[in-house]
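As structure tokens, the structure follows; a few thoughts come after it.
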Amino acid sequence: MAGALLLGAVAQVHGQTDSRPVFVITGVDVTSFPDIQVTAFGANLGGELASLPAVLKEDGVEQPIVASEPATVGVATAFLLDASSNIRDPGNTGDARNVEIAKAVNRFVEMQELSAATDWLAAYTVNGAGDGFSQIADWTQDHQAVANELSLYAPEALPDSTPLFGLIKYGLDQIELAPVPQNLRRSLVVFSDGFDALSAVQIDDIVNRANRLGVTIHTVMVGPEAEARRQNLQRIADVTDGQYLVYSSLQDMEGLGSHLASEREQQRYLYRLTQAEPKTVEVAVTTPGGRTLRDEAAFPTVPAQPATMTIQQPSSGSRIERSGATPDTPIGELTPASLTIVLDVQWPDGHPRTFDRIEYELNGKTEATTAEPFTSIEFPIADLDAGNYTLRALAIDELGIESRAAPVSFAVNVSLPAPAPATEASAAPAADTSANDTGANDTGATPAIAEAVGESNAPANTAASSPTEIVLLPDGADTLQGSTWRIPIANIDVAYGSTASGERQLRIGDSTIPLIPAIAMISLIPLAAVLAALYFVRRRNGNELARGEPLPIYAGVTGENISTVVDATAYDLTEDATEAQPIVDFEAPASLHYVEGGDSLPKKLNIEGGREVRIGRKAAFCDLIIDDQRVSRLHASIQENETMATSTSKMKVALAAHLSIGVSCASTTAGSWSTATSSTSIPWLIGLNLRSLRRQARHDMRLIYTIFVQ
């Protein structure tokens, strides 16, 4: 009855021929990615598959085929025995049908057209109750063992009817789960009488699944060939590109064995993967008759991982030295103008690949390499000034997978030669304290002032006149003949002499005082006060030395150090303090560091301002504030000097002073200033305010700071 139901369908199958062309993709091998191998099987193509033009596409995009070559891949074949009770009956050869089946498989092995290196065999049947299936021999490359198991197969009890289609479905399950390479040509050989009255499975379900899995089903009629039964077996073979045979002699089976062996040969296409997660691969071939056959296969998962990259050069924390030939070399002309960057690349998935590009980013600028060598580059750094910078690297490999290196930070240092030393002024002539006129009213006050002030301000350097000296000026203008002195404490000139008319005058700054006896006496009062203050300062210091009391850092500091010029090159080393400084690692060009005198005072005072920095207690008057009642509102000033000797050394000088006098440079001996290097001095002028003198009597404590020039 089942055979009668299939007549219409079988009539349609008979319209097909055994020589219809076949082309299927048997496997996609990604084990050597990014090199991908696609294997395909072809038959009845009108020529060798290797000679046919082929086109390969990945996700619909055509890819170059790197190589195309024949390859012996192998086959996986399962033998199915539709064993009902009539399997013990004689077959067409006279032997029992189960014996005929065993001899056929044994002949396949004897022909030695199958290879134990590439080909797999298995055998399955219906169980004795007819309601299930059992294994005769599981998948193995020991072909003789399968033949032996079939020879020993002699069931004692068998059902009268068997589920043929159910047995084929079971065989498809086993071949789909077989532990064999996926690209083997897979097939079933069904030995049956073609009768099925029990299967719940429909024949259409069988052939559709076989075609979806790429499995060929060969059918062999054992026993008499009844028409209805033949139709079942022949349709299954035709629709799955298999062969239908009637077992009449053992020689009939030899032809089937040779056909199975021929399917071991396939065509291998090699191409280069272009993305990490493709979905499909398609291969199309064109036959000599102009017919195009194509097949598509799902793409297996590619186990690709990002590359591991490390920036080897420059190393983290390193310093890049850039230099120029002259002190004013522009940044863009410093050398070197490029930085060598070297990457180390490792592939954790074990599959080295090439890169599409590697991008290097430094200081907001990106440079990319798109050709070998990818892992090194000369990066332009002509715009890099002194400072700290971070280098980053990003790579995109040929599969589109991104990899990033850990950032590396390094520093750039700029070295320029020091400017040529400025010409030093020659020493000033010795002071002439004698008056041009020896007339009356010569009280001797002026020489006394010269002596008092001159003793406390001896020349600081024998090679150049120090601004702290009292310099004897030449005779005044024609309107006043006499002598002139500068008193640095008040930054004023004092002149004494006679006018053209013979009138004696004393000029203090812009004020003129006629030297009549009464006025002369009055004018001497402030001078006497200054001399008295200087006397008490000298006396106090002398008493301290006599008592053995500790002095500030340098013993030479006294209240007589009215103003001091210390020469050096901080202007050249630190650049102009008024110019914009780099925001990276900014340091003040100079600073005051607390030593002693009041533990509540600031520990450090940065000298950051312009050419003159004023120190004192009153914020309205000063740039650096020392909040202590012992300090004057405008206590002292520090001025930067541009025209000093050249040096590249950092100097440290002690500023020790009586609190009432202010901050000044310490000296070890009169006229000699202490520095870390005797040939170099510091570019800050320390000027004191006369207000300090008025606090001398009320405060006898010392306030000591140290000046440090960067």
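Predicted, not measured: the structure shown is a model, and the values here were computed from it.
Here the CG-CG distance, from L150 to L81, works out to 6.0 Å after rounding to the nearest 0.5 Å. The distance from atom CG of N388 to atom CG of N413, rounded to the nearest 0.5 Å, is 10.5 Å. From Q313, atom CD reaches atom CD1 of I341 across 9.0 Å, with rounding to the nearest 0.5 Å. To the nearest 0.5 Å, atom CG of residue L152 and atom CG of residue N98 are 11.5 Å apart. To the nearest 0.5 Å, atom CD of residue Q231 and atom CG of residue D238 are 11.5 Å apart.
Within the 4.5 Å cutoff, the side chain of F33 has heavy atoms near those of the R353 side chain. Counting heavy atoms from C-beta on, the side chains of F299 and T280 never come closer than 4.5 Å. Counting heavy atoms from C-beta on, the side chains of I168 and I217 come closer than 4.5 Å. Counting heavy atoms from C-beta outward, R291 and T286 have side chains that stay 4.5 Å or more apart. Side chains of P303 and D349 form no contact here, defined as non-hydrogen atoms less than 4.5 Å apart.
For S187 and T77, the side-chain atoms include at least one donor-acceptor pair closer than 3.5 Å. Using a 3.5 Å distance cut-off with no hydrogens or angles, the side chains of E69 and Y269 do not pair a donor with an acceptor. Side-chain contact annotation: N86 with D193, donor-acceptor N/O pair under 3.5 Å present. E378 and S338 are linked by a side-chain donor-acceptor pair at a separation below 3.5 angstrom, with hydrogens and angles left out of the test. In this model, no donor atom of one side chain and acceptor atom of the other lie less than 3.5 Å apart for T216 and D241. Side-chain contact, Q234 with T219: no donor N or O sits under 3.5 Å from an acceptor N or O. For Q275 and D59, the side-chain atoms include at least one donor-acceptor pair closer than 3.5 Å. In this structure, a donor-acceptor pair under 3.5 Å is absent between the side chains of Q37 and N183. Side chains of T354 and E398: no donor on one and acceptor on the other come within 3.5 Å. Donor-acceptor pairing under 3.5 Å is recorded for the side chains of T93 and E100.
Taking both residues in full, the closest heavy atoms of Y153 and A83 are given as OH-CB, 3.5 Å, listed atom of the first, atom of the second, then distance. In terms of heavy-atom proximity, Y244 sits nearest to A237 at N-CB, 3.9 Å. Taking each heavy atom of L256 and L245 in turn, the nearest pair found is CB-CD1, 3.7 Å. When all heavy atoms are compared, the tightest approach of V126 to P163 is CG1-CD, 4.3 Å. What you find for L45 and L49 is that their closest heavy atoms are CD1-CD1, 3.7 Å. Residues N92 and P224 come closest through the heavy atom pair OD1-N, 4.0 Å.
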Got a list of side-chain donor-acceptor pairs under 3.5 Å for residues 400-412, not counting sequence neighbours?
| residue | atom | partner | partner atom | Å |
| --- | --- | --- | --- | --- |
| S403 | OG | A307 | N | 2.9 |
| S403 | OG | A307 | O | 3.3 |
| S409 | OG | T390 | OG1 | 3.2 |

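Between R294 and E296 there is no salt bridge, since no side-chain N of the basic residue sits under 4.0 Å from a carboxylate O of the acidic one. With salt bridges taken as basic N to acidic carboxylate O contacts below 4.0 Å, none links R97 and D82. The pair E361-R392 meets the salt-bridge criterion, since a charged nitrogen lies less than 4.0 angstrom from a carboxylate oxygen.
None of Q182, Q266, Q267, E263 except one satisfies the side-chain hydrogen bond (donor to acceptor under 3.5 Å, both in side chains) rule with T26; the exception is Q266. With respect to E176, the salt bridge (charged side-chain N to carboxylate O under 4.0 Å, His left out) criterion is satisfied by exactly one of R186, R212, R209: R209.
Listed for the D252 side chain is a donor-acceptor partner under 3.5 Å among the backbone atoms of S249. Remark: the backbone N or O of V61 is paired with a side-chain donor or acceptor of Q63 at under 3.5 angstrom. Listed for the D356 side chain is no donor-acceptor partner under 3.5 Å among the backbone atoms of I396. Although no hydrogens or angles enter the test, the distance criterion places a donor-acceptor pair under 3.5 Å between the side chain of H143 and the main chain of D119. Counting only distance, with no hydrogens or angles, the side chain of D35 and the backbone of R272 share no donor-acceptor pair below 3.5 Å. T140 places a side-chain N or O within 3.5 Å of a backbone atom of D142 that can act as its donor or acceptor partner. When atom types are taken as modelled, the side chain of E48 and the backbone of A50 share no donor-acceptor pair closer than 3.5 angstrom. Remark: the backbone N or O of G194 is paired with a side-chain donor or acceptor of S192 at under 3.5 angstrom. Of the possible donor and acceptor atoms, one in the side chain of S115 sits under 3.5 Å from a partner among the backbone N and O of A117. Distance alone, capped at 3.5 Å, is enough to place a donor-acceptor pair between the R322 side chain and the I381 backbone.
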F41/F23 under ring pair (Phe, Tyr, Trp, His ring centres under 6.0 Å): CA gap, chis, key distance, verdict: CA-CA 6 Å; F41 171 77; F23 178 77; 9.2 Å; no

Criterion side chain to side chain contact (heavy atoms under 4.5 Å, CB included) on W139 and L121, from CA distance to verdict: CA-CA 6 Å; W139 291 104; L121 300 179; 5.8 Å; no

Side chain to side chain contact (heavy atoms under 4.5 Å, CB included) assessment of L270 paired with I36: CA-CA 6 Å; L270 179 67; I36 305 299; 5.8 Å; no

Criterion side-chain hydrogen bond (donor to acceptor under 3.5 Å, both in side chains) on Y124 and D138, from CA distance to verdict: CA-CA 8 Å; Y124 304 96; D138 201 4; 3.3 Å; yes

Candidate pair L80 and V189, rule side chain to side chain contact (heavy atoms under 4.5 Å, CB included), full reasoning: CA-CA 6 Å; L80 303 181; V189 178; over 6 Å; no

F133/Y170 under ring pair (Phe, Tyr, Trp, His ring centres under 6.0 Å): CA gap, chis, key distance, verdict: CA-CA 8 Å; F133 311 97; Y170 178 77; 5.1 Å; yes

E359 and R357: CA distance, side-chain angles, deciding distance, salt bridge (Lys or Arg N to Asp or Glu O under 4.0 Å) verdict: CA-CA 7 Å; E359 298 177 355; R357 63 190 286 112; 3.0 Å; yes

Audit row: V207, Q202, side chain to side chain contact (heavy atoms under 4.5 Å, CB included) steps and yes/no: CA-CA 9 Å; V207 296; Q202 298 296 318; over 6 Å; no

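Ring-centre distance between W120 and F79: not below the 6.0 Å cut-off.
Sorted by first and then second residue, the ring pair (Phe, Tyr, Trp, His ring centres under 6.0 Å) pairs with a member in residues 208-229 read H218-H259; sequence neighbours excluded.
Annotation for Q312: atom CD counts as buried by contact number, over 12 foreign heavy atoms lying within 6.0 Å. Crowding of E277 atom CD: a count of heavy atoms from other residues, nucleotides or ligands under 6.0 Å not exceeding 12.
Under the 30°/60° scheme for interplanar angles, the aromatic rings of Y247 and F191 are found to be tilted.
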